[in-house]
Number of protein chains: 2
Amino acid sequence: MASLKLNDIPPDIVIGRLPLYLRALTRLKQEGNDVTSSHELGRHLGISSAQIRKDLSHFGGFGKQGTGYQIEYLVAKLEQVLQVDREWLVIVVGAGNLGSAIAHYRGFADRGFRIAWLVDASAEKIGQKVGDLSVHPISDMQTIIRQNGVKVAMLAVPAEHAQSVADQLIDAGIRAILNYAPITIKVPDNVKVQYIDPVVHLQTMTYFLRSED
Amino acid sequence: MASLKLNDIPPDIVIGRLPLYLRALTRLKQEGNDVTSSHELGRHLGISSAQIRKDLSHFGGFGKQGTGYQIEYLVAKLEQVLQVDREWLVIVVGAGNLGSAIAHYRGFADRGFRIAWLVDASAEKIGQKVGDLSVHPISDMQTIIRQNGVKVAMLAVPAEHAQSVADQLIDAGIRAILNYAPITIKVPDNVKVQYIDPVVHLQTMTYFLRSED
DNA sequence: AACTGTGAAGTTTTTCACAGCC
DNA sequence: GGCTGTGAAAAACTTCACAGTT
């Protein structure tokens with residue numbers, strides 16, 4: 001049953017832009033708009049209108065000629081495409097400053113994710129409260145994942161432990177890892193990894209900070 | 001004085017990979033290696049060796065045929081290209097959970113950046129200690145930036161304030177902004193912005209989590 | 001009149017494949 | 001034999017431009 005119309009295989013680079021569209025659309029909605037256009041969306045995102053139309057066209061015709069896009073409808077469709085029309089339970093590994101900040105962040109809930117567990121390796125952190133969560137021992141990690149069918153993990157451990165923790169996560173059934181450790185990890189083809197390393201972004205920008213103006 | 005050999009204008013996408021090369025090389029060095037090859041680097045990063053050679057060739061010939069790349073030399077060259085062969089002072093705006101986590105993070109210092117100031121808008125946070133830093137009032141922000149010639153900022157404020165704070169940052173002289181707020185901000189051409197929004201990464205991955213295996 | 005969806009054209013990025021060097 | 005640096009070829013991605021619809 002092809003519940004989602006795929007005219008062809010959408011390139012990964014297109015998938016990477018859909019969350020941005022979704023974010024901008026949600027904002028437009030909050031601001032009281034009901035309808036938008038590829039031009040307006042593009043202006044908000046710094047992307048050409050043609051690209052937005054082309055991207056969306058991979059998943060079916062969501063707009064109306066002459067009118068544009070019904071925001072609510074398009075949001076629903078994009079959520080369906082991205083599979084965030086449900087709630088994903090997330091386990092966070094590492095309860096240091098970063099892991100704690102993640103656990104406290106309020107911005108996951110309404111975008112498809114619930115931080116449900118926080119685990120750490122250090123004995124003195126176990127049992128501590130971090131926001132609504134209490135820290136579980138890392139020895140329980142695989143059991144938590146298996147018993148709850150958890151598929152998504154966030155990795156906030158020191159670089160030297162990232163690979164071995166990732167191996168354990170995957171072994172227990174995790175299929176998507178958001179890795180905050182500044183190191184590339186090796187995973188099988190059926191596991192997705194994305195990286196967040198602020199220094200990489202900063203270093204990309206300093207390249208362009210050559211004295212001109 | 002062309003202190004840096006540019007055979008042509010390197011595409012932005014190439015610049016974005018250089019910090020990854022730098023990160024992997026630093027790691028290889030730490031592990032005791034003195035020399036590497038485009039193949040080895042590529043294996044570590046999941047990138048083809050041809051791409052690495054092509055990327056590096058934009059900035060000059062850093063390798064030796066038959067031998068590979070002297071890691072220490074290549075690191076020095078890449079740091080020079082990215083301009084992280086110096087220390088950039090960084091101001092962090094927003095001293096909530098995220099701003100605090102950033103201020104505590106030890107991983108900036110040896111990669112070209114020093115978090116030097118933390119400012120916040122809320123009266124009760126002013127004067128508080130966050131790691132080595134104390135929180136300054138946001139009313140001092142522009143003065144701090146101007147008096148110290150700060151060029152790089154990290155933005156960790158709620159989405160609704162991101163644009164107005166960014167405007168103030170730029171007005172005071174900031175030229176690179178790492179934006180953690182989940183919203184696209186408008187900036188002049190001579191200002192660079194990069195975004196970190198964990199939900200965007202998570203949503204990109206859930207797309208691929210279609211039941212197969 | 002305004003806007004989408006889309007083939008075709010144009011541009012950018014990646015890979016190939018090999019001459020040249022160690 | 002092993003590796004780089006690089007033109008040329010291939011692939012991927014973006015923009016153009018317009019027919020078709022509201």
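Chain A is the first sequence line, chain B the second, and so forth, proteins listed ahead of strands; every chain is numbered from 1.
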> Please give, in whole Å, the distance from C:dT6 P to A:Ile52 CD1?
Replying inline: 16 Å
> Should we say atom CD of A:Glu72 is surrounded by more than 12 heavy atoms from elsewhere, each under 6.0 Å from it?
Replying inline: no
>> What is the separation between atom CG on B:Leu56 and atom P on D:dC3, rounded to the nearest whole Å?
In response: 16 Å
> Which heavy atom of B:Val165 sits nearest a heavy atom of B:Leu155, and at what distance?
Replying inline: CG1-CD1, 3.5 Å
> Between C:dC22 atom P and B:Phe62 atom CZ, what is the distance in whole Å?
Replying inline: 18 Å
> To the nearest angstrom, how far is A:Asp8 atom CG from C:dG7 atom P?
Replying inline: 10 Å
> Touch check for B:Ser49, heavy atoms < 4.0 angstrom, all strands: base, sugar-phosphate only, or nothing?
Replying inline: nothing
> What's the NE2-P distance between B:His39 and D:dG5, to the nearest Å?
Replying inline: 13 Å
> Within this structure, what is the OH-to-P distance between A:Tyr69 and D:dT21, rounded to whole angstrom?
Replying inline: 16 Å
>> I need the minimum non-hydrogen distance between A:Ala156 and A:Ile102, along with the two atoms involved.
In response: CB-CD1, 4.4 Å
>> Quick one: does any side-chain atom of A:Gln163 pair with a main-chain N or O of A:Lys186 as donor and acceptor, under 3.5 Å?
In response: yes
>> How would you summarise protein contacts on nucleotides 10-19 of chain D per nucleotide, using B for base, S for sugar-phosphate only and - for none, with heavy-atom distances below 4.0 Å?
In response: ---SSBBB--
> Any cation-pi pair here, B:Arg210 with B:Phe208, using under 6.0 Å and within 45°?
Replying inline: no
>> Heavy-atom nearest nucleotide on DNA chain D for B:Gly68 versus A:Thr67: which residue maps closer to 5'?
In response: B:Gly68
>> Rounded to whole Å, how long is the line connecting atom CG of B:Leu41 with atom C1' of D:dG5?
In response: 16 Å
> In whole angstroms, how far is the C1' atom of C:dT13 from the CD1 atom of B:Ile9?
Replying inline: 16 Å
> Are there more than 12 heavy atoms of other residues, nucleotides or ligands under 6.0 Å from atom CG of B:Asp110?
Replying inline: yes
